[in-house]
Amino acid sequence: MTLDKKQINGLMQLIGLTRDSEINCDQCLNLIAEFAERELAGKSFPESLEKVEHHLSICRECCEEYRLLIQALKTMDEDEPDPSPPRL
Ligand SMILES: [Zn+2]
């Protein structure tokens with residue numbers, strides 16, 4: 001049997017609905033600073049931030065937002081080297 005366009009659309013919707021772990025742009029932007037800091041620190045991401053990672057892979061706008069944030073954070077690091085030794 002072959003699927004017609006309507007059936008395919010129905011299936012696509014079904015798949016879309018089951019992906020309830022996806023976040024929207026607002027949620028992504030709320031978490032993006034934490035995500036960027038962890039990325040720069042080389043830390044692993046908790047589950048909540050994995051959603052951010054996924055969103056960045058599919059959303060061009062948030063990806064751009066993230067890129068700028070990373071750049072800003074790196075620039076801050078370079079411009080203001082911390083003279084005191086890191087506190088442990
Ligand atoms: Zn987005």
Side-chain angles (χ1 to χ4, degrees):
M1 89 179 212
T2 53
L3 294 172
D4 63 26
K5 236 184 176 157
K6 214 171 160 187
Q7 285 172 310
I8 291 172
N9 281 341
L11 282 174
M12 297 295 269
Q13 262 181 5
L14 212 64
I15 294 165
L17 285 174
T18 55
R19 300 209 56 157
D20 61 335
S21 67
E22 285 192 8
I23 57 175
N24 62 31
C25 291
D26 280 348
Q27 290 170 308
C28 180
L29 294 176
N30 279 338
L31 294 166
I32 208 170
E34 193 183 345
F35 184 85
E37 277 170 22
R38 279 184 178 262
E39 169 79 32
L40 285 176
K43 292 181 188 164
S44 62
F45 304 119
E47 206 179 316
S48 59
L49 292 183
E50 279 175 9
K51 292 173 189 172
V52 174
E53 189 176 29
H54 174 72
H55 184 85
L56 290 177
S57 71
I58 57 170
C59 179
R60 188 187 266 262
E61 281 160 48
C62 289
C63 198
E64 181 68 7
E65 206 52 53
Y66 172 66
R67 202 177 56 80
L68 293 173
L69 186 60
I70 287 279
Q71 245 173 26
L73 288 172
K74 280 185 179 166
T75 307
M76 276 199 304
D77 273 359
E78 282 162 17
D79 286 356
E80 296 173 43
D82 191 353
S84 61
R87 271 171 291 172
L88 295 173

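Note that ligands are numbered from 1 as they come in the structure, with each ligand's atoms numbered from 1 the same way.
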From CA spacing to verdict: side-chain contact (heavy atoms from CB on, under 4.5 Å), Cys59, Cys28: CA-CA 10 Å; Cys59 179; Cys28 180; over 6 Å; no
Same cluster (ILVMFWY, side-chain, under 4.5 Å), Ile58 and Leu49: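 Per the 4.5 Å side-chain linkage, Ile58 and Leu49 are not co-clustered.
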Joint cluster assignment, Leu40 & Val52, ILVMFWY side-chain distance < 4.5 Å: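 As far as the 4.5 Å side-chain criterion goes, Val52 and Leu40 are connected within one cluster.
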Closest contact, heavy atoms only, Cys62 versus His55: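 Closest heavy-atom pair between Cys62 and His55: SG-NE2, 3.4 Å.
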Nearest heavy-atom neighbours spanning Asp4 and Gln7: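 Answer, listing the atom of Asp4 first, then Gln7: OD1-N, 2.9 Å.
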Total protein N, O or S atoms, the Zn ion (ligand 1), separation less than 2.8 Å: 4
Test salt bridge (Lys or Arg N to Asp or Glu O under 4.0 Å) applied to Glu64 - qualifying residues, sequence neighbours left out: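 With neighbours one apart ignored, the set is Arg67.
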